[in-house]
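First comes the structure, then the notes that go with it.
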Amino acid sequence: MDSERGDIEDLSTIADLDEDILLREISSRYLQDKIYTYVGDILIAVNPFKDIDIYGPHYSQMYKNIPQCSRPSHIYAVADAAYQALTGHNGKHPGNQCVIISGESGAGKTESTKLLIKQIVELCKGNTQLEQQILKVSPLLEAFGNAQTNLNDNSSRFGKYIQLKFNDGHLVGGKISEYLLEKSRLVGQGAGEQNFHIFYYLFGSDIHRKYLLSGPRHYKYLNSSKTTDLKSIHEQFETVTSAMDSVGFTDDEQENVFSIIASILHLGNITFTVQEDESVTVTEKTESSLTAARFLEVDSEDLKESLCYTFIQTKREKLRRNYTKEMAEDARDAMSKALYGRLFGWIVNKINCLLVPENQAANLEIGILDIFGFEDFTKDGGHNSFEQFCINLANEQLQYFFNRHVFFLEQEEYKKEEIDWTEIKFVDNKPLLDLFLGKPIGILSILDEENRFPGGTDQSFVNKLTQVMEGNENFIKSQQTNKPVFSINHYAGNVVYTCTNWLEKNRDTLPEDITTLLRSSSNFLIKTIFKAFISRTGSLALQGRYSRNHKVFQQTPIAMDTTANKLTVGTQFKNSLNILMERMTASSPIFIRCFKPNHEKLPERLEPEYLRNQLLYTGMLQTIEIRRRGFAVRPTFSQFIQKYKILSDYQMKETVDNCITILKKSFLSGWCIGKSKVFLKFKHVEKLTQMLDERINSVVHMQRVVRGFVQRERYKKMKEKILAAKLEQDKIEAMQANILLGRYTELPSTSVATISKTDNRSVFEVVELQNAKSDESPDVEFLDDIPAPPTPPNSAKFGPADSKLSLKEWFRKTQIHNVRDNQKDKFQDWFHGIISRRDAEKLLANKLIGCFLIRVSESRFGYTLSFKAENRCRHYIIEQLKNRKFIIIGETKIHRSLHDLVSFYKKNKLSNWQNFLTVSCGQNSGECDYSDLIGSQTYFEIENTPPQVPPRSYTAKNNSSWINNTASHQLPAATRKLN
């Protein structure tokens with residue numbers, strides 16, 4: 001039987017399962033590179049720590065609109081199931097979905113998130129820039145929010161909930177919610193760990209010289225990190241800037257972002273010297289303060305003063321309070337953390353503004369939760385601090401949500417509906433959540449209380465905690481009573497926490513003098529993020545926000561940043577978890593449980609006991625049992641009849657007997673009927689969906705045959721009428737000829753004469769014209785005729801995009817500089833006006849392969865690239881993004897101008913064409929197809945000189961010739977040179 005190990009795709013089909021069989025099956029599959037396994041509708045994923053070739057286009061096509069059991073287990077199948085559930089295809093009514101990805105740090109949650117999003121975008125069949133923007137969000141956020149730890153080379157140091165918005169099955173927007181960025185990592189990392197990726201990416205490009213940066217080892221905030229291969233991170237930096245371009249960040253915004261990143265590194269190198277009066281000053285021998293002030297765009301002296309002392313206002317006077325050296329260093333680090341934290345919040349806000357749907361009414365969504373995994377750094381010689389405490393609290397909350405949804409609520413429903421059921425026991429971690437979140441004696445409540453005491457310390461907090469929690473089986477006090485240490489017995493095991501700087505981290509305060517200084521910065525971005533306030537969930541709330549109709553309104557800042565009113569980090573995190581749970585509860589959850597095969601992050605290596613421990617504490621044995629015995633799909637009688645009545649009688653009423661009738665006619669067994677619901681397993685739903693698809697396909701086929709017959713008969717009648725009309729018209733023409741010859745004796749019928757007067761063209765001329773138009777039906781590879789993508793900002797003010805007047809106005813006011821050749825002071829040779837695809841093909845007909853032109857599109861505010869290929873012409877949409885940059889739809893490269901786009905594809909191939917653009921296709925001799933785009937003032941904008949009479953003589957043979965020649969003077973130089 002060993003040969004059969006690893007062949008079971010769904011573990012819930014195993015009748016007698018124990019932990020040994022479970023471990024054997026998962027291990028066997030892993031060693032065969034079968035990293036995915038089903039447990040009913042739940043997916044198990046084991047991190048392979050290597051590239052596996054199972055994510056290409058072939059696999060993407062395999063998992064489109066299929067029953068789950070028809071293909072090997074795969075994360076793409078989960079994406080397909082979520083999308084089908086959203087659209088109401090797989091036996092469920094359309095509704096919001098959420099995919100919850102959980103597991104230890106390094107188990108592969110972030111990669112799973114990216115694969116899910118990639119496949120969902122593919123399922124939408126969209127071809128707009130929005131899909132590319134959403135795909136680029138993940139690498140952008142990873143650069144600023146992920147870091148290398150001892151547990152994971154790309155560890156998420158924040159949590160995110162990604163909401164993909166849909167309308168009628170089409171992706172229309174997105175939103176990111178971020179949770180608890182680990183800002184303390186910015187100013188210090190553990191042995192062998194690194195700061196956030198973006199700090200190293202800066203050194204992978206020449207841009208670091210612009211910000212006066214030397215090498216990573218010269219900076220305190222990076223000094224304890226591992227050596228970084230600068231060559232290997234050059235591509236990552238290019239990926240980040242490309243993602244920022246694609247999502248919609250302008251060049252100025254990107255420059256401000258990198259300026260802040262560089263200023264943080266310079267801030268970290270500021271040192272302090274203690275004076276004789278025990279006050280401190282910034283050490284003069286370093287220029288870090290001057291450089292930091294330069295990139296923060298604040299006064300250097302003001303910066304030094306804000307780091308060395310503060311002022312206290314009394315009733316009578318303002319007193320100066322000098323910092324100690326330790327206090328000055330804390331102020332410096334607090335400033336750096338505030339800068340980075342608010343910058344990260346602004347990036348998330350910016351992404352959300354750029355991805356907001358045009359119309360949010362009745363949008364459904366698929367939410368994807370990618371949150372930091374369970375962590376215990378003591379196993380690698382480190383220690384667990386306040387951040388790990390919050391991270392593990394979040395994982396406890398997710399485990400509770402899983403238990404409640406999979407075990408508690410499902411079994412309660414069996415009891416309520418009087419289904420014959422034997423209860424499955426599970427480990428309930430609700431007492432653990434009460435230990436964390438309870439009031440007034442939860443750990444976070446006690447921490448907040450200690451923060452309010454003037455003399456509170458980390459040690460006094462632990463002492464109070466030990467006293468209050470005595471007797472709680474999940475809280476373990478330290479044997480070393482003189483150290484601020486305690487342990488929690490988590491669902492994943494015992495974790496020891498070291499409470500160093502917990503009170504300070506929970507307060508997360510920034511001296512008022514520093515806040516005032518940064519609000520006075522000349523850098524618009526810095527000023528903006530420090531005038532914003534922190535919401536009750538800890539996220540950055542900007543004063544100017546986008547409403548649903550995209551109008552900006554102003555919010556009055558809430559005074560939450562003062563010491564008295566500011567919520568603690570623990571309270572903010574509790575609020576954010578509550579909102580997250582509400583969002584997930586309002587959706588239908590889909591679970592992915594990620595597992596880590598070994599501690600060393602090595603491929604093809606599995607540590608059985610380590611994997612066994614993960615399978616046991618996540619409750620996989622109990623999960624498999626409830627999925628084997630239980631009923632995961634539970635529609636009401638009404639929902640079931642509405643969905644499947646076509647399988648029996650479309651007029652049937654919504655009764656329990658009719659539900660049974662449908663089930664029996666479908667030859668299904670193993671289902672149950674409750675008091676108000678039908679209880680089904682996934683195999684039942686897949687069978688019913690298959691039968692439903694077959695019935696609907698049969699109906700569609702019948703409709704297609706009947707409609708084809710009706711249309712053919714209609715065509716025959718139309719053809720007969722046209723022939724009759726032709727004969728009648730020939731008769732009229734004969735009569736007219738006879739009249740001229742004096743031989744006409746009878747007037748034609750008034751009806752035929754009336755038809756003739758309505759159109760000077762013959763009936764056949766009209767038909768031929770219609771056929772000529774139908775010949776222009778788009779080739780599937782021609783993107784020019786695909787429904788227009790979202791237009792650039794403010795284009796709506798010019799009117800409808802299919803109006804030529806609107807296109808002219810748009811071009812004159814916003815686009816002339818994009819097609820101007822500044823060196824030759826004329827339009828670019830490759831530029832053409834509002835011409836059709838057919839006109840472009842005529843211009844390119846006898847040209848060389850790769851000859852190209854860029855034309856103004858006829859039905860949208862944008863351009864089209866047309867070029868000569870081997871056997872025909874190709875046409876591609878060029879979209880102008882919200883940041884005024886350009887991209888060819890379907891490509892990934894963003895270009896700052898049309899000139900850059902042309903230059904790039906002269907040296908680089910398009911993704912689906914194996915040649916390069918070669919030469920420009922100019923205007924035909926004596927013609928100019930963009931003259932109607934030029935307004936009365938355009939000449940001066942392009943020429944910068946008043947018009948002059950050309951140095952050539954005219955022989956005016958007649959007035960019209962002279963007028964035509966004179967009219968050409970009013971065109972720009974690019975046009976005159978054609979004559």
Side-chain angles (χ1 to χ4, degrees), residues 1-55 68-69 71-78 81 99-109 111-112 115-116 151-152 373-374 395 398-399 402-403 406-407 424 426-427 491-493 590-629 632 682:
M1 296 297 292
D2 289 347
S3 60
E4 298 180 2
R5 289 183 179 180
D7 292 337
I8 300 175
E9 295 289 341
D10 188 348
L11 297 179
S12 66
T13 60
I14 302 177
D16 298 317
L17 184 72
D18 57 26
E19 62 182 75
D20 292 328
I21 297 175
L22 172 61
L23 179 62
R24 183 194 68 192
E25 287 298 321
I26 297 293
S27 301
S28 299
R29 292 180 62 80
Y30 174 77
L31 295 176
Q32 299 173 43
D33 285 343
K34 298 177 181 179
I35 63 172
Y36 297 116
T37 309
Y38 293 133
V39 177
D41 59 330
I42 299 168
L43 181 71
I44 292 177
V46 185
N47 192 342
F49 291 117
K50 65 178 182 179
D51 292 331
I52 300 180
D53 187 22
I54 58 171
Y55 304 110
Q68 180 176 287
C69 63
R71 296 281 190 276
S73 49
H74 201 290
I75 196 168
Y76 283 173
V78 175
V99 183
I100 301 163
I101 308 172
S102 59
E104 290 191 2
S105 180
K109 298 181 297 301
E111 290 303 313
S112 296
L115 291 169
L116 271 174
L151 301 178
N152 186 359
F374 192 89
N395 281 272
L398 292 182
Q399 180 68 12
F402 177 84
N403 288 340
V406 173
F407 296 108
I424 296 175
F426 65 96
V427 179
Y491 79 96
I590 301 171
F591 296 98
I592 299 178
R593 307 308 295 256
C594 296
F595 295 96
K596 195 174 176 181
N598 60 74
H599 287 94
E600 291 77 18
K601 301 174 284 190
L602 297 175
E604 301 177 4
R605 178 173 178 179
L606 189 140
E607 298 175 9
E609 290 307 311
Y610 180 46
L611 181 59
R612 182 197 298 269
N613 186 48
Q614 295 175 72
L615 292 168
L616 291 179
Y617 75 63
T618 53
M620 290 313 302
L621 278 173
Q622 295 84 351
T623 303
I624 293 169
E625 178 68 10
I626 199 168
R627 280 294 176 260
R628 186 178 65 82
R629 291 171 44 199
F682 276 104

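In this chain, numbering begins with 1 at the start of the sequence shown. Note that the structure is predicted; figures quoted are calculated from it, not measured.
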### Message
Using 0.5 Å steps for rounding, measure from the CZ atom of Arg612 to the OG atom of Ser27.
### Response
8.5 Å
#### Entry: Donor-acceptor contact below 3.5 Å, side chain Asn403 vs main chain Phe426
no
### Task
Could you tell me whether Arg627 and Asp10 have a side-chain N and a carboxylate O separated by less than 4.0 Å?
no
### Query
Taking atom types as modelled, is there a side-chain donor on Glu25 or Tyr30 under 3.5 Å from an acceptor on the other?
no
### Query
How long is the span from the CD1 atom in Ile624 to the CG atom in Leu17, to the nearest 0.5 Å?
4.5 Å
### Message
If I take atom CG from residue Leu22 and atom CG from residue Leu616, how far apart are they, to the nearest 0.5 angstrom?
### Response
8.0 Å
### Task
Could you tell me the separation between the OG1 atom of Thr618 and the CD atom of Gln614, rounded to the nearest 0.5 Å?
7.5 Å
### Side-chain ion pair, Glu9 and Arg29, N-O less than 4.0 Å
yes
### Task
Without swapping roles, check the side chain of Ser12 against the backbone of Val39 for a donor-acceptor pair under 3.5 Å.
no
### Query
Between the side chains of Ser102 and Arg593, is a donor N or O closer than 3.5 angstrom to an acceptor N or O?
yes
### Task
Return yes if some donor-acceptor pair links the side-chain N/O of Asn47 with the main-chain N/O of Gly106 below 3.5 Å, else return no.
yes
### Query
Any sub-3.5 Å donor-acceptor pair from Lys596's side-chain atoms to Ser105's backbone N or O?
yes
### Task
For the pair Asn598 (side chain) and Leu606 (backbone), establish whether a donor and an acceptor sit closer than 3.5 Å, ignoring hydrogens and angles.
no
